[in-house]
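Read through the structure below, which is laid out as structure tokens, and then see the notes.
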Amino acid sequence: MQKRYSDLQNSIQISVSGNFSLQKTLLCGQIFRVFETENGFIVPLNRSLLKLLQEKDKIYCTAYGKPISQAEVKNFLGMNDDIDSIKEELIRKTAKFSQIIQYGKGLRIMRQNPYETTISFLFSIRNAIPVIRRKLNLLSEIVGEGIRVDGTMYYFFPESEALKNLDTQSVEKLHLGFREKWFVDFVQNYDETFFECILKKSFEEKEKNLLSIKGVGKKVAHCILLFSMNELSAFPVDVWIKRGMYELFEVKGSSKKVTEIGRGIFGNYAGYAQEYLYYYLRNYFK
DNA sequence: TGACAGGAAAATA
DNA sequence: TATTTTCCTGTC
């Protein structure tokens with residue numbers, strides 16, 4: 001008898017040096033669908049479900065569903081980035097940044113699925129993180145493909161094929177408001193191959209292609225570029241970054257403008273600067 | 001219960 | 001081209 005994916009599981013161990021934090025990486029706001037349990041985080045990744053746990057310098061990963069390699073997990077969690085030279089370069093560009101980087105020690109930029117990331121950040125427009133999370137989970141539950149782990153059902157994020165066939169009633173359950181027309185247009189007109197096609201293009205070409213999606217503006221485009229398209233110089237500017245760039249670096253102007261200024265200041269790793277700054281702004285003053 | 005949070009696109013100057 | 005207005009749900 002052929003084994004079904006839902007019956008499979010494989011375990012991986014990864015050694016990390018002191019500059020990787022699973023907690024910060026998963027909870028800093030770059031990814032929405034993360035579930036905290038007593039024995040680690042559950043994170044859906046394509047057709048797999050990862051159970052992740054960090055103990056000091058060891059990452060323990062059990063993948064349920066489609067088997068996954070150590071290399072895929074490392075790529076997903078941004079472990080291949082040369083974080084020491086990235087930090088060095090950012091501090092060299094702006095000495096003022098060293099405290100902010102120190103505070104976010106261990107934080108990495110993940111490499112998520114671009115199709116899922118696009119829908120996630122379409123949902124994020126004028127919405128708070130808990131609301132976005134709930135709507136993405138509801139969408140995944142409605143489509144209903146998932147696996148039971150430790151007695152709880154967890155659902156994969158739907159693929160384009162399933163979302164193309166989503167009925168109107170299900171869409172309405174999401175209460176997307178003015179975002180609904182953008183979501184519907186996206187699932188009707190785009191699929192995973194769109195992202196595969198633009199992945200090898202230049203930064204400017206990728207940005208241009210993303211901006212042609214209805215509802216995707218500069219901020220959302222840069223989130224997609226940074227969190228799922230391997231573009232570490234992307235610099236998404238939301239209200240937090242806009243405030244922070246003004247208060248800490250006296251940078252003012254529209255969000256679009258601040259994106260360009262931020263990229264100019266921080267260079268190739270502006271995306272890391274943005275994530276460290278965002279983490280600092282949202283957590284340090286609590 | 002009304003003030004507030006949160007980006008894109010259309011409207012306006 | 002730059003600024004202002006409109007769109008909608010959810011929380012406190």
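Computed over heavy atoms, backbone and side chain alike; hydrogens, waters and symmetry mates excluded. The sequence lines fix the lettering, A, B, ..., with proteins before strands; numbering per chain opens at 1. All of these numbers come straight from a predicted model, not from anything done at the bench.
Backbone-only engagement by Lys135(A) is indicated by non-hydrogen atom pairs under 4.0 Å involving sugar-phosphate atoms exclusively.
For Phe235(A) and dG7(B), the CZ to C1' distance is 17 Å, given to the nearest whole Å. Distance CD (Glu180(A)) to C1' (dT9(C)): 12 Å, rounded to an integer number of Å. In this structure, CD1 of Ile129(A) is placed 21 Å from P of dT9(C), rounded to the nearest angstrom. Put simply, CZ on Arg179(A) is 13 Å from C1' on dT6(C), counting in whole angstrom units. Whole-Å rounding puts the Phe121(A) CZ to dG7(B) P distance at 10 Å. Going from atom CD1 of Ile132(A) over to atom P of dC8(C) covers 18 Å, rounded to whole Å. Separating the NZ atom of Lys242(A) from the C1' atom of dG7(B) is a distance of 11 Å, rounded to the nearest angstrom. Going from atom NE2 of His175(A) over to atom P of dG6(B) covers 22 Å, rounded to whole Å.
No aromatic stack links Phe178(A) and the base of dC8(C), using centre distance under 5.5 Å and interplanar angle under 30°.
For Gly177(A) and Lys257(A), each mapped to the nucleotide of DNA chain C holding its nearest heavy atom, the one lying further toward the 5' end belongs to Lys257(A).
Figure legend: cation-pi geometry between Lys214(A) and Phe186(A) absent, as NZ or CZ is not positioned both under 6.0 Å from the six-membered ring centre and within 45° of its axis. For the pair Arg243(A) and Trp240(A), the cation-pi test (distance below 6.0 Å, angle within 45°) is passed. Judged by the 6.0 Å and 45° rule, Arg263(A) forms a cation-pi pair with Phe203(A).
Clustering of Ile, Leu, Val, Met, Phe, Trp and Tyr side chains at separations under 4.5 Å places Ile14(A) together with Ile12(A), Val16(A), Phe20(A), Leu22(A), Leu26(A), Leu27(A), Ile31(A), Val34(A), Phe41(A), Val43(A), Leu45(A), Leu50(A), Leu52(A), Ile59(A), Ile68(A), Val73(A), Phe76(A), Leu77(A), Met79(A), Met110(A).
Between Phe121(A) and Phe32(A), the ring center distance clears the sub-6.0 Å criterion.
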Annotated protein contacts, base or backbone, on nucleotides 8-13 of chain B with a non-hydrogen cut-off under 4.0 Å, one of B, S, - each: SS----
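In Glu260(A), the CD atom is crowded: over 12 heavy atoms of neighbouring residues, nucleotides or ligands sit closer than 6.0 Å.
At least one side-chain heavy atom of Lys58(A) sits less than 4.5 Å from a side-chain heavy atom of Tyr60(A).
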